[in-house]
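Side-chain atoms are counted along with the backbone in the values below, which use heavy atoms only and exclude waters and symmetry mates.
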Amino acid sequence: MEALILNHAIYSKPSFRADFFFGPPLLHCSFKPTFYPGNSGFQGSYLKRSLSFTVTCRVKTPQGNKKNDGNIAKKIILSEEVPPPLVEEGGGENESQEVAGKTGKMNGVMGLVKRFPRKVLAVLSNLPLAIGEMFAVAALMALGTAIDQGEAPEFYFQKYPEDNPVLGFFTWRWVLTLGFDHMFSSPIFLGTLVLLGASLIACTYTTQIPIVKVAKRWKFLQSSEAILKQEFSDTLPRASIQDLGVVLMGAGYEVFLKGPSLYAFKGLAGRFAPIGVHLAMLLIMAGGTLSAAGSFRGSVTVPQGLNFVVGDVLGPTGFLSNPTEAFNTEVHVNRFYMDYYDSGEVSQFHTDLSLYDLDGKEVLRKTISVNDPLRYGGITIYQTDWSFSALQILKDNEGPFNLAVAPLKINGDKKLFGTFLPVGDVNSPNVKGISMLARDLQSIVLYDQEGKFAGVRRPNSKLPIDIDGTKIVIVDAIGSSGLELKTDPGVPIVYAGFGALMLTTCISYLSHSQIWALQDGTAVVIGGKTNRAKAEFPDEMDRLLNQIPEIVESSTSK
């Protein structure tokens, strides 16, 4: 087309006219109008605000200037907007210099801003730095395991004194100043986690995502030399590239044909797996951080028959801790009891719990034991310990009376509890009485006023014992349940992260294999490579190539 003249009213408001003339033989042009959705035609069609034309021109040049041959693309947009004012010809030199200076400064500032994130990403994605961050996190976790967490300051004053520092320098000042007494919510630990997370994100953005983008592209090789340079290469003298494509499709490859060229790949999921591994690690760190800085913990020992409010026991562990409505729940200990081995040792202890809402309605009841907790409203109640609360007795057929039982310190880990029943004048400075000792809730050992052994009775046996003229019946042994309460909102995130980590780690072992082929006359040149299982890849290729039929010339054609 030697000339293009457009003279048509395309707006409902003022019409526009655009005249273009390119005389032969310098220019050949073609144009393509771009319509907005909803317009069915060109003549008489009304556009909303603008109409876009793409004009492609090929300039004919003398033979001596062939190096300047090329295509010139122009895009013409008609619009009602007023164009920006131009600098006046007369007396505008200073203004143009000022505008140019401002433009240069803006480009310099924007270039610096664009380069700054790239430099930061390059530093964060450094592999030695990421490995160092992981070792730092592991070291802090090991230190948090070695140092007792959540104790009172007096505990650290005694364990890490300044007059006898550990390793010659480590004292309680290190523990309390750096927050090692609550390591997993301390600023130094959380800061290291954030830095490691930033490194993982930077590595994913700068390395893993570009690798996936490259792997998804169709890359055809147009020369036999390039194909033969691959890790595996072979030539089939009488074969068809279409037959090769069918065989590769049957082996699970994605096959693409373009003229005499073929490109096939499989195992692209293996390229996505490193990104999934990084995301899984980020999930684990995010869940661990939420657990450390957003949880509530507390413990309580409750005698049988009493109750407590959840919110009075739980205390925050970090700045992300946020109480819920379940904190208003009241817990009642209905019963506490223990199971015993034949030797008399305690094998298990149980607590029957009832949960009540603010209206006094029972919302849940369960008997918990060790490794079988109660969960309600994000709160978990564990059975962790037990104690002896009171001993209920009858004295000379009067009562029952509840005698408070206190723990006694003895050597070893075994527990011992004791109580005392005064006999005679209780106001006397030398009051005497009957002593009662117990190691558990199943038997009580009694001693007379002189401290001599008087006998053993089991609670609820209803068997009386006479000591110094006093008749005593052991009615019941009332135990106390040791409970630990906690909320941990990060647990589901951590579990999801570990599940994704295991899955993506397995997927990462999938090989990403690529195959190129070129039909060169009657021969097919084949080459390929893989990122894993490099020893098995040639065997797989030989097996596939053996399935390709050989083309044999017929006698008629001869």
Side-chain angles (χ1 to χ4, degrees), residues 125 127 130 200 203-281 498-554:
S125 59
L127 181 60
L200 289 175
C203 179
T204 303
Y205 179 76
T206 60
T207 304
Q208 301 301 333
I209 293 179
I211 289 177
V212 172
K213 290 182 178 179
V214 171
K216 291 173 62 178
R217 294 173 183 169
W218 304 353
K219 299 180 292 185
F220 295 97
L221 299 182
Q222 305 297 334
S223 65
S224 301
E225 293 78 7
I227 295 177
L228 293 174
K229 290 180 181 179
Q230 302 301 319
E231 296 176 359
F232 172 87
S233 62
D234 199 353
T235 302
L236 301 180
R238 298 183 183 91
S240 171
I241 198 170
Q242 285 79 11
D243 294 337
L244 174 62
V246 173
V247 172
L248 292 177
M249 289 177 63
Y253 282 83
E254 295 286 339
V255 180
F256 305 93
L257 284 172
K258 182 180 180 182
S261 300
L262 177 145
Y263 172 66
F265 72 89
K266 75 173 181 177
L268 187 61
R271 289 296 189 182
F272 285 95
I275 299 177
V277 171
H278 288 182
L279 294 178
M281 294 180 65
F498 273 110
L501 182 62
M502 291 187 289
L503 178 61
T504 53
T505 300
C506 295
I507 295 176
S508 65
Y509 284 98
L510 296 177
S511 299
H512 177 239
S513 303
Q514 297 172 284
I515 296 175
W516 294 268
L518 181 65
Q519 185 81 52
D520 189 3
T522 60
V524 176
V525 182
I526 304 169
K529 66 178 181 178
T530 185
N531 64 334
R532 300 186 186 275
K534 294 183 180 294
E536 292 80 5
F537 183 68
D539 297 335
E540 180 188 4
M541 289 300 302
D542 290 337
R543 179 177 55 82
L544 294 176
L545 297 183
N546 289 335
Q547 302 177 19
I548 300 175
E550 182 181 1
I551 299 177
V552 180
E553 296 181 0
S554 63

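The salt bridge (Lys or Arg N to Asp or Glu O under 4.0 Å) contacts involving residues 507-532 comprise nothing, where partners must be two or more places apart or lie in separate chains.
Looking at residues two or more places apart in sequence or on another chain, you find a salt bridge (charged side-chain N to carboxylate O under 4.0 Å, His left out) between E550 and R238. Judged as a salt bridge (charged side-chain N to carboxylate O under 4.0 Å, His left out), and not counting sequence neighbours, the contacts of E231 are K534. N531 is linked by a side chain to side chain contact (heavy atoms under 4.5 Å, CB included) to R271, S511, H512, counting only residues two or more places apart in sequence or in another chain. Annotation: side chain to side chain contact (heavy atoms under 4.5 Å, CB included) contacts of A239 (sequence neighbours excluded): L236, V524, I548.
The main-chain N or O of L501 is found under 3.5 Å from a side-chain atom of T504 such that the two form a donor-acceptor pair.
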Go through the steps for F537 and S513 under the test side-chain contact (heavy atoms from CB on, under 4.5 Å), then give the verdict. CA-CA 8 Å; F537 183 68; S513 303; 3.8 Å; yes
Apply side-chain contact (heavy atoms from CB on, under 4.5 Å) to I551 and T522, showing your working. CA-CA 8 Å; I551 299 177; T522 60; over 6 Å; no
Audit row: Y205, L200, side-chain contact (heavy atoms from CB on, under 4.5 Å) steps and yes/no: CA-CA 9 Å; Y205 179 76; L200 289 175; over 6 Å; no
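Between the NE2 atom in H278 and the OG1 atom in T204 there is a gap of 5.0 Å [rounded to 0.5 Å]. Distance check: D539 CG to L544 CG gives 11.0 Å after rounding to the nearest 0.5 Å. Here F498 contributes atom CZ and T505 contributes atom OG1; the two are 11.0 Å apart, rounded to the nearest 0.5 Å. Taking CE of M541 as the start and CG of L545 as the end, the distance is 4.5 Å to the nearest 0.5 Å. Atoms CG and CG, on L268 and L510 in that order, are 10.5 Å from each other to the nearest 0.5 Å.
Minimum heavy-atom separation, S224 to V525: OG-CG2, 3.8 Å. The two residues A523 and T235 have their closest heavy-atom pair at CB-CG2, 4.3 Å. The nearest pair of heavy atoms linking P274 to G270 is CD-O, 3.3 Å. Contact record, S125 with T206: CB-OG1, 3.5 Å, taken as the closest heavy-atom pair.
In this structure, R543 does not pair ionically with E536, as no charged nitrogen and carboxylate oxygen lie closer than 4.0 Å.
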Output a table of donor-acceptor pairs, distance under 3.5 Å, between side-chain atoms of residues 240-261 and any protein atom two or more places apart or on a different chain; print 'none' if there are none.
residue	atom	partner	partner atom	Å
S240	OG	Q242	N	3.3
S240	OG	Q242	OE1	2.7
S261	OG	Q222	OE1	3.2

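At a threshold of 4.5 Å between non-hydrogen side-chain atoms, the residues I526 and I515 count as touching. Using a 4.5 Å heavy-atom threshold, the side chains of L262 and L518 count as separate.
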